[in-house]
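Reviewing the structure listed below.
One-based numbering, in listed order, for ligands and for the atoms of each.
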Amino acid sequence: MTVTAILSALAEEQQGLLEQLNKPQSVRHGGRDFWLGELNGHRVVLGLSRIGKVAAATTATTLITRLGVNRIVFTGVAGGVGAGVSVGDVVVAAEFVQHDMDASPIFPRFEVPLYGKTCFACDPALTEMLLDASRTALAETEQGQARLHRGLIASGDRFVSAADESRGIQRALREAGLDVLAVEMEGAAVAQVCFDFGVPFAAVRTISDRADDQAHVDFPKFVAEVASGYAQSIMTNLFRLL
Ligand code: ADE
């Protein structure tokens, strides 16, 4: 039996999904409230990771070890840093890196020690479905200008809110041969937990800001007004494909 978790960082991102959940039932573990139920005939668990890599990692671990989840999809928002990644665009992750991981000179910068890995890849088949679902959702929500991207997302325990900092992250990753599209604060942690447990993982992020000097204004506005509708529409389409 497949049990799919839909994990979001913020309540606003989860709200629309919760309204759609059939036979909802709440459970509490490790300081988190989870919602069990059905979406389009599939067993699902809705969870809020809260913000940051530690909170996301513990939430993912609870989903897998306590709630029997064997597939995780993350939906949320991110700051666009790649060229042409604009507010309102959707980025589906191909893989994740931690932009604040640095155990150099003992290990190469960005490499996760003792894994011999810098990037954690998303599940290819689930990611393909998420791309299809996002394409349909963008068409349905009449986001004419919005573009769909697929590529590397970087996570770190910082809200990136200055153009200089955003450029710095981009430059450092490029020096390591990595071309980043967006930054957020949870995905790489969930990707690593899913790697540890052999659980398929995919992630979609809507661009709420450009991780620049305007980010602190753009982010809350987008989260309040747009994020929930996007998440709901993308997940509805994904569960039609699963
Ligand atoms: N999530 C959304 N926007 C972000 C930003 N600018 N930095 C980190 N995480 C984000």
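- At least one donor-acceptor pair under 3.5 Å links the side chain of Asp213 to the backbone N or O of Ala163.
- For Asp100, the salt bridge (charged side-chain N to carboxylate O under 4.0 Å, His left out) criterion is met by Lys53, not counting sequence neighbours.
- Remark: Ser26 OG to Leu18 CG distance equals 9.5 Å, nearest 0.5 Å.
- The two residues Gly84 and His149 come nearest to each other via the heavy atoms O-CE1, 3.3 Å.
- Among residues at least two apart or in separate chains, side-chain hydrogen bond (donor to acceptor under 3.5 Å, both in side chains) pairs with a member in residues 196-206 are Tyr115-Asp196, Glu184-Arg205, Glu186-Arg205.
- Within 4.0 Å of ligand 1, counting heavy atoms only, the contacting residues are Val77, Ala78, Gly79, Arg158, Phe159, Val160, Val183, Glu184, Met185, Ser208, Asp209, Ala211, Phe219.
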Distance-only criterion, 3.5 Å: show the donor-acceptor pairs between side-chain atoms of residues 116-126 and protein atoms not counting sequence neighbours.
| from | atom 1 | to | atom 2 | distance (Å) |
| --- | --- | --- | --- | --- |
| Asp123 | OD2 | Ala125 | N | 3.4 |
| Asp123 | OD2 | Leu126 | N | 2.9 |

